[in-house]
Amino acid sequence: MGKRLITFRDGRQVCPLGQGTYQMGRRRSEEIKALRRGIDLGLTVIDTAEMYGTEELVGEAVRGSRDKAFIVSKVLPGNASYEGTKRACERSLRRLGTDYIDLYLLHWIGSYPFAETVRAMVELQQEGKILQWGMSNLDVADMEHILSLPHGRECAANQVLYNLKERGIEYDLVPWSERHAIPIMAYTPLGEGRLRNHRTLLGIANRHNATPTQIMLSWTMRTSNVITIPKAGSIAHVEENAHSLDVVLTEEDLKEIDAAFPAPVRKIPLAGW
Ligand code: NAP
């Protein structure tokens with residue numbers, strides 16, 4: 001399988017294909033097996049959040065292989081005051097059954113000043129409770145604000161919506177993030193599974209002896225700074241997704257994709273949930 005890695009600010013390297021967990025829990029034991037299979041295949045980034053109710057499930061999935069996993073969790077904006085962020089992190093650690101979170105994010109912008117949240121994140125990092133911190137659902141102007149804060153340049157990632165139908169970030173956020181060496185984490189890369197029967201994707205998939213899902217994932221990972229985090233609830237889906245690391249899209253494929261799903265030609269406000 002593909003060997004390309006994404007390097008974080010602190011030098012840690014991860015596979016550009018990770019695993020989401022939003023809406024897991026309904027088929028708990030199958031989902032835990034799926035996450036474990038993913039870790040075995042090298043998909044070590046596992047994305048959760050206090051909001052998802054999946055931190056315990058993630059904790060169970062990584063039991064016995066905690067050192068291999070790269071756990072991402074998130075504080076809800078309503079909890080993101082200085083004190084609230086610290087308390088939320090402690091709760092997440094308890095639910096995850098671990099003593100550190102690899103990457104802790106602010107889930108989206110709320111009413112607390114960024115400076116408060118970042119101060120708490122930096123302290124949590126100094127205490128060893130989180131290894132790195134970052135943001136989610138922030139556009140360029142807000143990321144600039146983060147970087148202007150004390151320690152702001154330590155921001156390690158920005159997790160945003162990115163798939164074939166939502167390409168707005170390519171106009172400015174992707175190049176900005178590359179310039180600042182801040183990896184983008186692409187969420188909902190499969191458009192929640194809705195694009196699988198698209199004619200263009202089926203044609204490209206046939207040429208690669210691949211599936212449309214693998215084409216979509218390979219496409220989100222085609223640049224050097226993007227980690228993509230599909231949620232897959234079965235071993236079969238995880239294995240299929242893992243093979244997207246072997247798909248190398250050609251210029252012709254990319255042209256066909258651009259014709260069917262045009263790239264942005266002007267600023268588009270950040271899309272999200
Ligand atoms: P997604 O990953 O784009 O799509 C998930 C859907 O695709 C599920 O229905 C899944 O079905 C299906 N799927 C996965 N692999 C498949 C395969 N090989 N073949 C067929 N179907 C497949 O959507 P998402 O869950 O919204 O986004 C991914 C992750 O991003 C989330 O789980 C979450 O961790 C994160 N996220 C973050 C934010 C944020 O605000 N930061 C917002 C949304 C999501 P099965 O479950 O049956 O495999």
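Remember, it's 1-based here, ligands and their atoms both numbered in the order they're listed.
Here atom 37 (C) of ligand 1 lies nearest to Tyr52 when heavy atoms of Tyr52, Trp108, Tyr162 are compared. Of the candidates Thr211, Thr188, Thr54, Thr220, Thr188 brings a heavy atom nearest to atom 27 (O) of ligand 1.
Listed by number with element, the atoms of ligand 1 under 4.0 angstrom from any heavy atom of Ile229 are 28 (C), 29 (C), 30 (O), 35 (C). Residue-ligand proximity, Pro189 to ligand 1, at heavy-atom distances under 4.0 Å covers atoms 2 (O), 3 (O). Those atoms of ligand 1 with a heavy atom of Gly191 less than 4.0 angstrom away are 3 (O). Heavy-atom contacts of His107 reach the following atoms of ligand 1: 39 (C), 40 (O), 41 (N) (cutoff under 4.0 Å). Applying the 4.0 Å criterion to heavy atoms of Thr213 picks out, from ligand 1, the atoms 17 (C), 18 (N), 19 (N). For ligand 1 and Asp47, the ligand atoms under 4.0 Å from any heavy atom of the residue are 33 (C), 34 (O), 35 (C). Ligand 1 places these atoms under 4.0 Å from at least one heavy atom of Lys74: 41 (N).
For the pairing with Tyr52, the side chain to side chain contact (heavy atoms under 4.5 Å, CB included) check across Met24, His107, Lys231 returns one residue only, His107. Checking each of Arg28, Arg27, Arg26 against Glu30 for a salt bridge (charged side-chain N to carboxylate O under 4.0 Å, His left out) leaves exactly one that passes, namely Arg27.
Here CD of Glu166 is found 9.5 Å from CG of Leu270. Values are rounded to the nearest 0.5 Å. For the atom pair Leu96 CG and Glu50 CD, the distance stands at 11.0 Å (nearest 0.5 Å).
Residue-level proximity to ligand 1 for Met51 is absent, since no heavy atom of it falls below 4.0 angstrom. For Asn137, every heavy-atom contact with ligand 1 shorter than 4.0 Å involves the side chain, none the backbone. At a heavy-atom cutoff of 4.0 Å, ligand 1 is contacted by the side chain of Asn241 but not by its backbone. Of all the heavy atoms of Lys231, the ones lying under 4.0 Å from any atom of ligand 1 are found in both the backbone and the side chain.
Residue contacts with ligand 1 do not include Met135, since none of its heavy atoms lies under 4.0 Å from the ligand. The shortest heavy-atom distance from Arg196 to ligand 1 is under 4.0 Å. Contact annotation: Met185 has no heavy atom less than 4.0 Å from any atom of ligand 1.
Here Tyr171 pairs with Pro264, Lys267 under the side-chain contact (heavy atoms from CB on, under 4.5 Å) rule; sequence neighbours left out.
Checked against a 3.5 angstrom limit, the closest N/O atoms of Gly233 and ligand 1 fall inside it. Between Ser136 and ligand 1, at least one N/O pair is under 3.5 Å apart. The shortest N/O to N/O separation between Leu190 and ligand 1 falls below 3.5 Å.
A salt bridge does not link Lys33 to Asp40: none of the charged side-chain nitrogens sits closer than 4.0 Å to a carboxylate oxygen.
There is a side-chain donor-acceptor pair under 3.5 Å between Tyr187 and Asn137. A side-chain donor-acceptor contact under 3.5 Å links Glu154 and His151. Residues Asn241 and Ser244 have side chains that never bring a donor and an acceptor to within less than 3.5 angstrom of each other. Neither side chain, Gln132 nor Tyr104, offers a donor N or O lying under 3.5 Å from an acceptor on the other. A donor-acceptor contact closer than 3.5 angstrom is absent between the side chains of Gln214 and Asp246. Side-chain contact of Ser92 with Glu55: a donor-acceptor pair under 3.5 Å is present, judged by distance alone.
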